[in-house]
Amino acid sequence: MINITLPNGDVREFASGATGMDIALSISEGLARNALGIIVNDVPYDLSRPITSDARVRIVTFSDDEGKEIFWHSTAHLMAEALEGLYPGVKFGIGPPIEQGFYYDVDLPDGVKLSVEDLPAIEAKMVELAKRDSPYQRIETTWQDAVAYFTEKGDQYKLELLEGLKDSEITFYQQGDFTDLCRGTHVPSTGHIKFPKLLSVAGAYWRGDEKRKVLTRIYGISFPKKQMLEEFIKMREEAERRDHRKLGRELELYLITPMIGGGLPVWLPNGTLVRRRLEAFLRDEQVKRGYHEVITPHIGNLELYKTSGHYPYYADSQFDPITVEDEQYLLKPMNCPHHHQIFGSKPRSYRDLPYRVSEFGTVYRYEQSGELNGLSRVRGFTQDDAHIYCTQDQLKDEIKNVVELTQLVFRTFGMDVSTRLSFRDDNADKYGGDLALWERSQAEIKDVADEMGLEYFIGLGEAAFYGPKIDFIVRDAIGRKWQLGTVQVDYVMPERFSLEYVGADNAKHRPVIIHRAPFGSMERFISILIEHYAGNFPFWLAPTQVSILPIADAHHTYATDLAAEFEAMGLRVNVDTRNEKINRKVAESEQKKVPYALIVGSKEIDNNAVSVRIHGEGDKGQMSVEDVKALFRRLNVPGAA
RNA sequence: GCCGACUUAGCUCAGCUGGUAGAGCAGCUGAUUUGUAAUCAGCAGGUCGCCGGUUCAAGUCCGGCAGUCGGCUCCA
């Protein structure tokens, strides 16, 4: 007999060799029906796999992350089985579950090309195979037998994977006529996968190496219940509506034309208003915190970037240098070296530190054409950059200050962020400066993060070449992750630029530099902001804050006088004096997502009032002009909702 | 840059197996003076992304290029 400990602490006795399914059945029939796998002492097991010793177990269903992984991984196998049926000779790379579904990388037989139009047929085949309800069978095998099997099958990809598994236990999973090299775990049978949905086809390099063959990657997802699939599809449609590229065009925020160049967005008047508002918000916060704002040119002598070390490290992602009178200049790929020149331009005393230099600095980076994406990924963008030159003693407090400022930014917009400590990996070529300094700054960053109680994860290999970072990452409407804010510790640049300050001891010392950008890039931040608000900007940010809608010509004077009063308060107002019905004016104000519409007719004029309509909420009734002014004053500050 | 798909009026989209381009909205003109999501009528608007090929004939078929989209790779 073995003792099985359940998550609630109950210990039950089972015969040795009992399976997850036995345990599930002993708890309830419903659980057994929904169970997809069992976690045995932190190791996922198939429900049919015998358990032979005492264990702590947890049965997982689709509502658990592990359950979804098992479900989607099994769906990937089901799709592979369908593909093998439809395209004999297809070879398989890897087919893992991902955050939202799964993919499988496949090498199709010669001459076969797959497009999204082929997906429904594959999906139909999957449904057909699922109806057979074939069990997923775990088969333990030997490395030699596995090699023999895939040699016979001619699948060089699986053979290559096996090369890396020489010393491990090898298992196959088989369902129906399909056998795959797989560690597992899988659902009991294909019948669980009732609602598969294949989503897209893409190219992907074998093992992520661009020198190797491009395989066809098919993305999909699946659900145990129809309603879940429907909800998923509805969510994707909602995401499409929020897409900043669509809203950016509709709301006339920005423009990208091939004539100007890919990845070089032009800010239209509406977008410029939003951006200036954001800049003003951050500028005010920075003034409170003792920053000095500067402006630097868009190009700089190549020597500057050779000194900083950016040039050799990032030659691939810079525009080619421009040659003028035998001197070479680079389109500015970052602002840091310019700011270092400012710090170094005169002797600095320890009394001047921390010295904080900020700039909304526009930089240009060469991004591969296939990478360009609306405002999220561009070739010219503006960083809300700043560099803080401080002493070693001041470093931790300064990091805390900038992390707090960054958090204030995200809090103001109500955005969910995840925090990554971006550290170096073992690839020494990627980084400058000596290892001891790296270890020190990584430790300092981690200390600060712990002291502040940040929830974070560590990203190895994500550091900048000159130092580790704290990065703030958010998701766009369709779930893609983007890095926005960043805080970086740098011991390398002070050395490279020989930056110094005179200490209290009258000796020269090296400052430490913090690089930071709470928004990251204005372009990317605004792309996320558009999707975050679905284009419905809060009052203080909206390009047009108030539409005044007179009922008829007789009310125009009242309306325009009112508009002038609001404008004098610094509000952005539009008066709709067109010869149109009020219904039409209301409709268009709503479509433009203007936060407040004020309807004015004879009734309002008599009371020195307006009728208030809030975007997305509807008619709020009459309000006196004085009350509306007070309301708008209250709403016109950053963070007000 | 690589793989795949897409590209028709300012926007959203029709256009069957090749026969010479259409709608709604936006725009312009006129009528209407209007009470909380689109008043009515008329007019105008396109070398169907670009270049080449097949054909009596190409928006439609084929090839090349560009741009966009979804991925891959990359991202100071």
Side-chain angles (χ1 to χ4, degrees), chain A residues 103 105 113-118 199-219 240 243 245-246 249-250 252 256-259 261-262 305 308-311 313-318 333-337 363 365-374 377-378 383 385 422 430-432 462-467 469 478 480 482-483 486 488 490 492-493 515 517 521 524 547 549-556 578-592 597-604 611-621:
Chain A
Y103 66 79
D105 284 345
K113 275 188 181 172
L114 211 61
S115 80
V116 280
E117 277 141 46
D118 302 310
L199 300 169
S200 64
V201 179
Y205 302 107
W206 170 234
R207 308 208 111 177
D209 182 345
E210 63 183 307
K211 288 176 195 68
R212 307 199 61 179
K213 186 160 182 179
V214 175
L215 303 182
T216 303
R217 174 171 298 180
I218 306 170
Y219 284 90
E240 251 172 65
D243 192 313
R245 292 164 297 192
K246 184 178 157 69
R249 188 170 49 238
E250 286 171 4
E252 298 184 17
I256 293 177
T257 72
M259 205 47 103
Y305 305 102
S308 72
H310 288 95
Y311 185 67
Y313 274 98
Y314 294 105
D316 287 350
S317 45
Q318 288 159 183
M334 77 295 300
N335 305 300
C336 345
V363 298
R365 296 177 187 176
Y366 165 71
E367 301 282 359
Q368 300 185 109
S369 56
E371 237 347 294
L372 300 176
N373 186 290
R377 191 74 182 267
V378 291
Q383 296 177 311
D385 213 352
S422 299
K430 278 166 65 182
Y431 309 102
E462 301 286 351
F465 80 88
Y466 49 74
K469 310 186 283 176
I478 59 174
R480 290 180 295 204
W482 298 96
Q483 183 197 310
T486 182
Q488 311 172 1
D490 178 6
V492 174
M493 293 298 149
H515 304 238
S521 116
R524 182 175 290 178
S547 315
L549 311 180
I551 300 280
D553 289 358
H555 316 120
H556 284 188
R578 292 174 311 162
N579 178 8
E580 290 291 351
K581 293 192 168 184
I582 194 66
N583 280 322
R584 158 67 72 115
K585 295 181 183 180
V586 166
E588 290 188 11
S589 180
E590 290 286 348
Q591 277 160 7
K592 289 180 183 155
L598 304 181
I599 289 114
V600 294
S602 306
K603 288 185 249 172
E604 288 75 18
S611 279
V612 176
R613 184 187 169 97
I614 301 180
H615 169 57
E617 295 182 24
D619 190 358
K620 297 289 169 182

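Source: prediction; values computed, not measured. Chain letters run A, B, ... following the sequence lines, proteins first, then strands; residues in each count from 1.
- Taking atom P in both B/rC6 and B/rG15, one finds a spacing of 14 Å when rounded to whole Å.
- Salt-bridge annotation for A/Asp243 and A/Arg245: present, with a side-chain N of the basic residue lying under 4.0 Å from a carboxylate O of the acidic one.
- The ring pair (Phe, Tyr, Trp, His ring centres under 6.0 Å) search around A/Tyr305 returns none, not counting sequence neighbours.
- Judged as a ring pair (Phe, Tyr, Trp, His ring centres under 6.0 Å), and not counting sequence neighbours, A/Tyr311 has no contacts.
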message: For Watson-Crick and G-U wobble pairs within 3.5 Å on both distances, what is RNA chain B written in dot-bracket notation, | included for inter-strand pairing?
response: (((((((..((((.....[..)))).(((((.......))))).....(((((..]....))))))))))))....
Could you run down the sub-3.5 Å N/O contacts of the protein with nucleotides 65-69 of chain B?
residue	atom	partner	partner atom	Å
B/rC69	O3'	A/Arg245	NH1	3.4

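- Looking at residues two or more places apart in sequence or on another chain, you find no side chain to side chain donor-acceptor pair (under 3.5 Å) involving A/Glu240.
- Residues satisfying the salt bridge (charged side-chain N to carboxylate O under 4.0 Å, His left out) criterion with A/Arg578, sequence neighbours excluded, are A/Asp576, A/Glu588.
- A search for ring pair (Phe, Tyr, Trp, His ring centres under 6.0 Å) contacts involving A/Trp482 returns nothing, not counting sequence neighbours.
- Residues passing the ring pair (Phe, Tyr, Trp, His ring centres under 6.0 Å) test with A/Phe465, sequence neighbours excluded: A/His310, A/Tyr313, A/Tyr314.
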task: For each nucleotide in nucleotides 4-14 of chain B, reading 5' to 3', give B when a protein heavy atom comes within less than 4.0 Å of its base, S when such contact involves only the sugar-phosphate, and - otherwise.
output: SS-----SS--
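- Under the rule for a side chain to side chain contact (heavy atoms under 4.5 Å, CB included), A/Asp619 has no partner lying at least two apart in sequence or in another chain.
- For A/Lys585, the salt bridge (charged side-chain N to carboxylate O under 4.0 Å, His left out) criterion is met by no residue, not counting sequence neighbours.
- Listed by chain and residue number, A/Glu367, A/Glu371 satisfy the salt bridge (charged side-chain N to carboxylate O under 4.0 Å, His left out) test with A/Arg377 (two or more places apart in sequence, or in another chain).
- Not a single donor-acceptor pair, N or O on each side, falls under 3.5 Å between the base of B/rC2 and the side chain of A/Arg212.
- B/rC61 and B/rU29 have their P atoms separated by 41 Å, with the value rounded to a whole Å.
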